[in-house]
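In what follows, a single structure is set out as structure tokens and then discussed.
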Amino acid sequence: MPLSMDTLVSLCKRRGFIFQSSEIYGGTGSCWDYGPLGVELKNNIKRVWWRDHVQTRADMVGLDASILMHATVWKASGHVDHFTDPMVDCRECRRRFRANTLDDTPWVHYCDATKGNMFRIPGGGPCTHCGLPRTLCPDCGKGELTPPRQFNLMFKTFMGPVAEDAAVTYLRPETAQGIFVNFDNVLQSMRRKLPFGIAQIGKAFRNEITPGNFIFRTREFEQMEIEYFVNPHDSVGGRPADEYWHERWIDACMGWFQRYGLQAGNLRLREHEKDELAHYAKRTADIEYRFPIGWSELMGIANRTDFDLKQHAKWSGKTLTYFDEERKEHVVPYVIEPSAGVDRALLAFLADAYREEEVRGEKRVVLRLHPELAPIKIAVLPLLKKREEIVRTCQAIREELARRWPATYDDTAAIGRLYRRQDEVGTPFCVTVDVQTAGDSDKGEAGDGRVTIRDRDSMQQVRVPIGGLSAVFGDLLGGETWSVVAGRVGVVTSMDGG
RNA sequence: GCGGGAAUAGCUCAGCGGUAGAGCGCCAGCCUUCCAAGCUGGGGGUCGCGGGUUCGAAUCCCGUUUCCCGCUCCA
């Protein structure tokens, strides 16, 4: 049975990943809070994204621009003009129209002067039979229209305590503009040569008409964006540089999601049709993921051309160009924009990791999260919580491991249940301390100082000395596979075998 | 914004005019030497909120809020 969104929502709440915002007040539509495990998962996603796209690349730098920006930014970007059209709805057929173009569009009219015959009247003029202007829905000709409503896809707010017009600005609807307006700053301060990119992770806000589907579409969300600047006059491999780099980024992004666990079969690329392209875009490709709600956009990779830099140059009066030493000319770079949603990525990673398995006739729910993404890397568990030596040993081990990795201790259930709990939150490894480990002071028996490591996915176990744990986890959490590491350090036992 | 559905314990839900329930989970104790074991006990809900009808409302009526599904919309 395919994973339902409800199942995921329920798991997220029950296990402390994601709660509905302001729940005790009845909840706030489209807003979600990340709980103790959710914030770890989200931070992990952001961290590996940043590491892989910024820190390990010579051609990338980072940025963290403020959410509130000069209001003119949004005039230059086009968001003010394109985000705030007054809209009206037909009460009958429920079609929606832009109020300011309504009077110029052709309309359907059932004319009383001709016993109610239907006419299609071109342009915005009155009916030639009755002489009356259009008052009803131009499409069905029957329904009354609602009063115009402002559809502010941008959240308007005020800078300063006095609400006067000069101080009006917006919560940014995308992080991209923070990069464009800092293009020259970065160029000057970081001595960059084209091609190079600027990355940013941050919150963005859109008054979506229809939010929903859990964290898929929310009004407050977080973006991971790159603006990669290229010289459109250059050619690479016989192609214009912007087209070449667009392709490279599509491949890189597709590969990145798979590297952290998304199955190739749940990912696909979708090219935007010509009439679907934003007016500034030369080409846009979406990476879609097979979410519980069906195939939907996970990220978009657009070729925004030189539109944004030119717009900001025009509105700011500043020169936003790059000097090409070889050609001795100033160019406005083209920009390739890989833009991903953190929340959507998190949803995809969760959905892809979710498994229901049958183990000894019982259902096992397990999140097969990539170890780098897992909120908790290691759980240290006592086989018997009544034995002081065991508990003490557990806590010492946890404390030591927690210096390098998120590690937790739990003794509130029997071992089987403890394992299942960790499975359900995606903890890749458990360390179990038993009587042999700590010894038995009552019987005067010394412990052997060895503990069991249990692998989440295979449920196999291997026994290692406490002193070797740090090195073993260094390997396991550093990218080596369980089978390789386990085979190297000890005798592997499986559930059925032992 | 429109249409439809829903709202009762942390989760899944039953109850549909007469003292708020179950399963799971959670907590504690006993037990337990590796995969959701067992036994005992426990905490937890003014049944989304506000009105109304009634001797009496989780239950019927009205309003409202929120969520879900679909439509619309989506730089």
Side-chain angles (χ1 to χ4, degrees), chain A residues 4-7 9-16 19-31 74 77-79 81-83 85 87-98 143 145-147 149 151 153-154 173-174 176-177 206-214 217 272 276-281 284 293 297 300 302 304 307-308 337 339 357 359-366 381-387 390 412-424 430-438 440 451-456 459-461 463 493-498:
Chain A
S4 77
M5 195 68 101
D6 286 346
T7 303
V9 173
S10 173
L11 172 71
C12 283
K13 177 174 181 178
R14 190 158 36 86
R15 292 301 185 193
F19 310 121
Q20 176 155 42
S21 168
S22 315
E23 191 181 4
I24 61 170
Y25 287 102
T28 296
S30 109
C31 295
W74 307 111
S77 71
H79 285 86
D81 290 336
H82 292 271
F83 262 56
D85 295 331
M87 307 292 278
V88 297
D89 292 302
C90 173
R91 296 189 202 274
E92 286 291 321
C93 68
R94 286 186 242 127
R95 285 199 48 146
R96 176 165 290 160
F97 308 92
R98 288 171 58 172
L145 297 177
T146 60
R149 288 189 305 269
F151 272 68
L153 264 62
M154 286 199 292
E174 61 178 23
Q177 300 304 326
R206 293 180 193 173
N207 248 324
E208 296 285 353
I209 296 169
T210 311
N213 286 320
F214 196 30
R217 182 179 285 112
H272 280 215
E276 187 186 0
L277 285 175
H279 60 84
Y280 53 73
T284 298
I293 53 169
E297 181 184 345
R304 292 177 78 127
F307 174 81
D308 299 280
E337 179 191 79
S339 172
E357 301 172 350
V359 177
R360 293 183 178 172
E362 297 277 353
K363 187 172 90 169
R364 175 173 95 125
V365 173
V366 55
L381 312 171
L383 197 59
L384 297 173
K385 66 171 166 179
K386 292 300 168 197
R387 301 288 191 112
I390 293 180
T412 59
I415 190 67
R417 187 182 301 264
L418 295 179
Y419 283 151
R420 289 292 187 274
R421 271 188 201 152
Q422 295 303 325
D423 288 342
E424 210 174 17
C430 294
V431 170
T432 304
V433 176
D434 57 27
V435 175
Q436 284 81 48
T437 310
D440 189 333
V451 292
T452 303
I453 301 177
R454 180 259 194 185
D455 173 53
R456 175 194 68 198
M459 291 183 282
Q460 289 178 339
Q461 305 185 149
R463 212 163 157 80
T493 54
S494 66
M495 269 181 64
D496 299 328

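Residue numbering restarts at 1 for every chain, and letters A, B, ... go by the order of the sequence lines. Both backbone and side-chain heavy atoms feed into the values below; hydrogens, waters and symmetry mates do not.
C49(B) and C26(B): their P atoms are spaced 28 Å apart (whole Å). Rounded to a whole angstrom, the distance from the C1' atom of G18(B) to that of C60(B) is 15 Å. Comparing the same atom, P, in C13(B) and in G17(B) gives a spacing of 22 Å after rounding to whole Å. Across the C1' atoms, A22(B) and U33(B) are found 35 Å apart, a figure rounded to whole Å. For the C1' atoms, the distance from G15(B) to C27(B) is 27 Å, rounded to whole Å. G56(B) and G5(B) have their P atoms separated by 30 Å, given to the nearest Å. Here, A20(B) and G1(B) have their P atoms 38 Å apart, quoted to the whole Å. The same atom, P, is picked in A57(B) and in U19(B); the two are 12 Å apart, to the nearest Å.
With rounding to the nearest 0.5 Å, the separation of CD in Q436(A) from CD1 in I390(A) is 8.5 Å. Atoms CZ and CG, on R454(A) and L381(A) in that order, are 9.0 Å from each other to the nearest 0.5 Å.
Atom pair R456(A):CZ and C35(B):C1' shows a separation of 15 Å (rounding to whole Å applied). One interatomic measurement links the two molecules: CD of E357(A) to C1' of A36(B), which rounds to 14 Å at whole-angstrom precision. Distance CG (L418(A)) to P (U33(B)): 15 Å, rounded to an integer number of Å. Atoms NZ (K13(A)) and P (C24(B)) sit 20 Å apart, rounded to a whole Å. Atom pair Q460(A):CD and C34(B):P shows a separation of 18 Å (rounding to whole Å applied). One atom, CZ of F19(A), and another, C1' of G10(B), lie 10 Å apart when rounded to the nearest Å. Rounded to an integer number of Å, the gap from E424(A) CD to C35(B) C1' is 14 Å. Straight-line distance from the OH atom of Y419(A) to the C1' atom of A36(B): 13 Å, rounded to whole Å.
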Give each protein N/O atom lying under 3.5 Å from an N/O atom of nucleotides 28-31 of chain B, with the pair distance.
from	atom 1	to	atom 2	distance (Å)
C30(B)	OP2	K386(A)	NZ	3.2

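For the OP1/OP2 pair of C35(B) and a distance below 4.0 Å, the side-chain nitrogens and oxygens of R417(A) include no atom meeting the criterion. Within the structure, every side-chain polar atom (N or O) of R15(A) is placed at least 4.0 Å from both OP1 and OP2 of C11(B).
T284(A) is linked by a side-chain hydrogen bond (donor to acceptor under 3.5 Å, both in side chains) to nothing, counting only residues two or more places apart in sequence or in another chain. Legend: residues meeting ring pair (Phe, Tyr, Trp, His ring centres under 6.0 Å) with F214(A), ordered by chain and number and at least two apart, are W32(A). With sequence neighbours excluded, the residues forming a side chain to side chain contact (heavy atoms under 4.5 Å, CB included) with E357(A) are R355(A), R364(A), V366(A), R368(A), listed by chain and number. D455(A) is linked by a side-chain hydrogen bond (donor to acceptor under 3.5 Å, both in side chains) to S458(A), counting only residues two or more places apart in sequence or in another chain.
The base of C11(B) lies outside donor-acceptor range of the side chain of R14(A), with no N or O pair under 3.5 Å. Scanning atom types as modelled, no donor and acceptor separated by under 3.5 angstrom connect the side chain of R360(A) and the base of C35(B).
Here the side chain of Q461(A) is nearest to one of C26(B), U33(B), C35(B), namely C35(B). Side-chain atoms of L384(A) lie closest to U32(B) of the nucleotides A36(B), A75(B), U32(B).
Projected onto RNA chain B by closest heavy-atom contact, E174(A) and D423(A) fall at different nucleotides, the more 5' of which corresponds to D423(A). The residue among S10(A) and T432(A) whose nearest nucleotide of RNA chain B lies closer to the 5′ end is S10(A).
Secondary structure note: stems in RNA chain B built from 3 or more consecutive Watson-Crick or G-U wobble pairs under 3.5 Å occupy B:1-7 with B:65-71, B:10-13 with B:21-24, B:26-30 with B:38-42, B:48-52 with B:60-64.
A salt bridge links R14(A) with E424(A); the closest basic N to acidic carboxylate O contact falls under 4.0 Å.
With contacts defined as side-chain heavy-atom distances shorter than 4.5 Å, the pair R420(A)/V359(A) qualifies. Residues H79(A) and E174(A) form a side-chain contact, since some pair of their non-hydrogen atoms from C-beta on lies under 4.5 Å apart.
With no hydrogens or angles considered, a side-chain donor-acceptor pair links T412(A) and R421(A) at under 3.5 Å.
R421(A) comes within contact range of the sugar-phosphate backbone alone, with a heavy-atom separation under 4.0 Å but no base atom that close. N213(A) comes within contact range of the sugar-phosphate backbone alone, with a heavy-atom separation under 4.0 Å but no base atom that close.
In terms of heavy atoms, D308(A) sits closest to Q177(A) at OD1-NE2, 3.4 Å.
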